[in-house]
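Notes follow once the structure below has been shown.
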Amino acid sequence: MFAGRYLWWMLIAIAIFLFFTMCFDYVTWLTVVSSGCARIAGSCGPIVVTMTGSMKPSGVYLAGAIILVVTLARIHYLSMSWAWGAVVTIWFVASAPFPLLLANGWTGQLKPETVLEGLPVAFLFLIVFCAYIGWAFEESGARPLGAWRPLRTIIRFSAVYGALFALSEAPAFAAIPGRFLGDMRLSASIAALQPGLHELLIIGRGRDTCAYVVFAIFVAGLAASLLPQNLEELRARLPQPFMLRGSRQ
């Protein structure tokens, strides 16, 4: 998937999410008013339940599905490893409840401290990575993650740490085997392993400081991969903004 098409689909998904979280309640209200159900006691309940309980969540899930699918398609188009698709899926599942939390901000029921407490580190990893692969690598001929092997190793290591941290934090991963496979014992085993993995990743500090440090390394690594990887090209680019017009050869 080309960068332009990827960005277009991402904007469509964001627009769908904003519509269903901010505007769909007005659509529900207009439907109730125009249907005349208020004349009959109790007849408005099924309409409200259907629209707010089924249609509104379906729209939010549709936006999330578009984001995940187009991101995986973009990863495949850039010929990146399949492991990046698995990492992105883990980030996506771990951060899925957070956008629903933000939706409550439109009704004035959300406080800033609640946002900070509910902000998963996986959501930050996901946002930065989606923004990164939106770069038009195919036009410049650049290689995703850069050409320097040490830099690629650092980026991959930080991404794996972010995925493992998401696995240790999100209860959804423990519930998946029980929900889809019917294996409650496997779900209980995963849930029992998550606290130990979390303690291992935070190095016993009791906070997410290590996760944020690794996230900063991840961001710095992705930013560095966009710089010219050839020293001669870098030397040629540096003086260009300071050269007078007509002085370039």
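Predicted model, so just to flag it, every value in this text is computed and none were measured.
At a threshold of 4.5 Å between non-hydrogen side-chain atoms, the residues Thr89 and Trp84 do not count as touching. Between Tyr132 and Leu226, the closest side-chain pair of non-hydrogen atoms falls below 4.5 Å. Side chains of Leu124 and Leu119 form a contact here, defined as non-hydrogen atoms less than 4.5 Å apart. With a 4.5 Å cut-off on side-chain heavy atoms, Val128 and Phe215 count as touching. Contact annotation: the side chain of Phe137 never approaches that of Arg143 to less than 4.5 Å [non-hydrogen atoms, C-beta and beyond]. Considering only heavy atoms from C-beta on, Ile133 stays 4.5 Å or farther from Pro144 through its side chain. Side-chain contact between Thr28 and Lys56 is absent, with no heavy-atom pair separated by less than 4.5 Å. Looking only at side-chain heavy atoms (C-beta outward), Tyr77 and Tyr6 stay at 4.5 Å or farther from each other.
Shortest non-hydrogen contact noted between Ser81 and Ile75 is O-CG2, 4.0 Å. Shortest non-hydrogen contact noted between Ser95 and Ala122 is CB-C, 4.2 Å. Minimum interatomic distance between Ala163 and Val87 (heavy atoms only, all atoms of both residues): CB-CG1, 4.1 Å. Shortest non-hydrogen contact noted between Phe218 and Ser158 is CD1-OG, 3.2 Å. Residues Ala224 and Leu151 share a closest heavy-atom pair of C-CD2, 3.9 Å. In this structure, Ala13 and Ile66 approach most closely via the heavy-atom pair CB-CG2, 3.8 Å.
Note on Val69 and Trp9: separate hydrophobic clusters, where clusters join Ile, Leu, Val, Met, Phe, Trp and Tyr whose side-chain heavy atoms are under 4.5 Å apart, directly or indirectly. Cluster membership for Ile67 and Trp8, using ILVMFWY side-chain heavy atoms within less than 4.5 angstrom, is shared. If you chain together hydrophobic residues whose side chains sit under 4.5 Å apart, Val121 and Val213 never meet in one group. No chain of hydrophobic side-chain contacts below 4.5 Å, direct or via other Ile, Leu, Val, Met, Phe, Trp or Tyr residues, connects Ile90 to Phe157. Tracing side-chain contacts under 4.5 Å through hydrophobic residues (I, L, V, M, F, W, Y), one reaches Val27 starting from Met55; they form part of the same cluster.
Checking Trp91, Phe98, Phe92 one by one against Phe123, the ring-ring contact (aromatic ring centres under 6.0 Å, His included) holds for a single residue, Phe98.
Atom SG of Cys23 sits about 8.0 Å away from atom CG of Leu18, to the nearest 0.5 Å.
Annotation for Tyr212: atom OH counts as buried by contact number, over 12 foreign heavy atoms lying within 6.0 Å.
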Assess the residue pair Leu201 and Ser168 against the criterion (side-chain contact (heavy atoms from CB on, under 4.5 Å)); give the C-alpha distance rounded to whole Å, side-chain angles, the decisive distance to 0.1 Å, and a yes or no. CA-CA 9 Å; Leu201 293 174; Ser168 69; 4.0 Å; yes
Step-by-step side-chain contact (heavy atoms from CB on, under 4.5 Å) determination, Arg156 to Leu145: CA-CA 9 Å; Arg156 289 167 180 166; Leu145 306 183; 4.1 Å; yes
So Phe20 and Leu62, side-chain contact (heavy atoms from CB on, under 4.5 Å) or not? Walk me through it. CA-CA 10 Å; Phe20 278 97; Leu62 174 63; 5.6 Å; no
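The aromatic rings of Tyr161 and Phe165 sit parallel to each other, their planes meeting at less than 30°, with 60° as the upper class boundary.
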